Amino acid sequence: MNASGAAAHAVLFPGQGSQHRGMGAGLFERFPALTDLAREVLGYDLPLLCQQDPDGRLDDTRYAQPALYVVNALSYLDSVAAGEPEGEFLLGHSLGEYNALHAAGVFDFETGLKLVAKRGELMSRAGGGGMLAVLGLGHDELRGLLAEHELSELDLANINTDAQLVLSGDRAQLDRARRELELRRVRCAPLKVSGAFHSRWMAPARDEFAAFLRGFRFEPPRATVIANLTALPHAENDLAATLAEQITEPVRWLDSVRYLLRRTTPERCREAGGSGVLTRMLGQIAATPPAERTRPRVFGIAHAGGDERAYAGLAEQAPDLDVVVLERPGRGTRSGEPLLSDPVAIVEDLLARLRDRLDDATPYALYGHSLGARLAFLLCHRIRQEGLPAPAHLLVSGESGPALPSRERDTWRLPGAEFWERLERLGGLPAELREHEDLMAFYERVLRADFTALAAFTHPDLPPLDLPITAITGEDEWFTRADVEAWQQESTRPLRTHRFPGDHFFIRQQWPALGRIARCALATT
């Protein structure tokens, strides 16, 4: 609803796949200045490409993305000039998200064109994979089929409707998936794309695009733009990171449209460009009421010395998630209880606090930082042994794969002054702590118990977990790429990794990004 109480106007922008020869007819003539600017920025005759495609380049990502961006933008401007209302809500499918941001005034036409041209160039380089549309099969059924046939090289790239999904990844595995789906009489079709878009295979493109985005300044949106990545409005201070992550993460179109339809009606939505693809999806989504779903949970396990406040930033930045810290004895609300320094005993205590909070209807993830990462890993194994509802995802940060010895395994042995010096080098200690001897004495007991637990950690001789793991590190931490990628051996599912600026406690500056990662993990696993 808008300020007048009427349903808000919304505009939808299509993405790659909707391009066709002859598109943009009449638009280039009506907007000669912008058309000339597009020629200058791109270095080729865009109207000729769109109208005649003489060299067959319109399906090439490097050309398709700029072409669609320009035609979408001109189509929107033309509709507003003809008297259609500007969108109060704007959303675009993949590439179309850039048109939504342009329409909201986040950047001008030229900047948007430079962004999509670079994006298309980078995504076209990461070739070798493909995409497969799957029609008439639910999300859980498709996940089950992939697991049954060990198709671990495939990611869910688009969640378009309840029964329209897209897989992305290795072409050989896509062919296997297609054969299995056709045996079940499930309709599927390869997409005309040059790579495995919106999958882990785009990570090099994501990282290079993130660096490219640092050279641009964005304005606050003057309308609500719903992000593919989160299915929520773009956060102004996280816009560049969200656009970079969009390259590797699924397009959550179903959830984005449901967010929109809670605020307007299908009749108040229009599609720029006139292809009708998004309009048909909108109708299908509107006709299928969403199933009741409780708020997903993230159970947090704190780092050494941490208490129930350790993930307050995550709870603040992700209010749509129920963030619950599993408090350990001897700190915070349990400060009157004896400290534990045996990792097995700690995990049993965590399991006891978790057991009654699990049910099959509420998806959840476990998240641990540093020592908390190793404890969360052990807790996953205990949950499996107990036959309890499994987490949808394991999120870990600030720690190497648990099969490797911790770099801090001898910290607990250091004498007082050296112990505190070591902790200061790690970061995370409040500066005022040194001013209060009683607090230092209290926290030294807690910290030494936790570092003793870290030293006593042993890797379990158990089969790998059957759940996705995402490992997150700071760029200034001491871990090598191999240290982080050692998490892969702990799961049968593909590992995802992220790196952010900062030291061991980079998380304190990255709560918006960590909230986004947790939200995506719970939405797509």
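This is a predicted model, so every value here is computed, not measured. These values consider heavy atoms only, across backbone and side chains, with no hydrogens, waters or symmetry-generated copies.
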Ring-ring centroid check His504 His369, cutoff 6.0 Å:
yes
Heavy-atom neighbours of Glu150 CD exceed 12 at 6.0 Å
no
Of the options Thr248, Leu495, Asp155, which is the one that meets Arg200 in a side chain to side chain contact (heavy atoms under 4.5 Å, CB included)?
Asp155
Begin with the C-alpha distance, continue with both residues' side-chain angles, and end with the deciding distance and a verdict on side-chain contact (heavy atoms from CB on, under 4.5 Å) for Ile301 and Leu379.
CA-CA 10 Å; Ile301 303 173; Leu379 183 57; 3.9 Å; yes
Measure up the Phe377 and Trp487 rings against each other and bin them: parallel (under 30°), tilted (30 to 60°), perpendicular (over 60°).
perpendicular
Nearest heavy-atom contact between Leu378 and Thr458 is CD2-O, 4.4 Å
Would you call Arg353 and Glu348 a salt bridge, taking side-chain N to carboxylate O under 4.0 Å as the test?
no
For Phe479, is the NZ or CZ atom of Arg481 found under 6.0 angstrom from the centre of its six-membered ring and inside 45 degrees of the ring axis?
no
Which label fits Trp511 and Tyr311: parallel for a plane angle under 30°, tilted from 30 to 60°, or perpendicular past 60°?
perpendicular
Quick one: closest heavy-atom pair of Leu91 and Val257, and the distance?
CD1-CG2, 4.3 Å
Neighbour count >12 (heavy atoms, 6.0 Å) for atom CZ, Arg309:
no
Got Phe299 and Val325 here, is their nearest side-chain heavy-atom distance under 4.5 Å?
no
Residue list, ring-ring contact (aromatic ring centres under 6.0 Å, His included) with His93, at least two apart or on another chain:
Trp253
Going by heavy atoms in the side chains, are Leu260 and Ile226 under 4.5 Å from each other?
yes
Heavy atoms of Ala227 and His234 approach each other most closely as CB-NE2, 3.6 Å
Heavy-atom side-chain proximity of Ser406 to Glu399 below 4.5 angstrom:
yes
Check Arg331 with Asp307, please: is the shortest side-chain N to carboxylate O separation under 4.0 Å?
no
Within 45° of the ring axis of Phe209 and under 6.0 Å from its six-membered ring centre, is that where the NZ or CZ of Arg119 lies?
no
So, taking the atom named CG in Leu167 and the one named CG in Leu142, what distance separates them when rounded to the nearest 0.5 Å?
4.5 Å
Spacing of Leu354 atom CG and Leu366 atom CG [to the nearest 0.5 Å]:
6.5 Å
Can you tell me how far the CZ atom of Arg357 sits from the CG atom of Leu326, to the nearest 0.5 Å?
6.5 Å
Distance from Leu12 atom CG to Leu90 atom CG, nearest 0.5 Å?
9.0 Å
Measuring centre to centre across the rings, with the benzene-like ring taken for any Trp, is Tyr364 within less than 6.0 Å of His393?
no
Apply side-chain hydrogen bond (donor to acceptor under 3.5 Å, both in side chains) to His459 and Glu490, showing your working.
CA-CA 10 Å; His459 188 269; Glu490 309 303 340; 2.9 Å; yes
Heavy atoms, side chains only, cut-off 4.5 Å: are Phe216 and Leu239 in contact?
no
Cut-off 3.5 Å, side chains only: do Thr470 and His498 have a donor facing an acceptor?
no
Taking side chain as C-beta onward, heavy atoms only, is Pro233 less than 4.5 Å from Val225?
no
The single option from Ile469, Leu465, Leu394, Asp466 passing side chain to side chain contact (heavy atoms under 4.5 Å, CB included) against Arg493:
Asp466
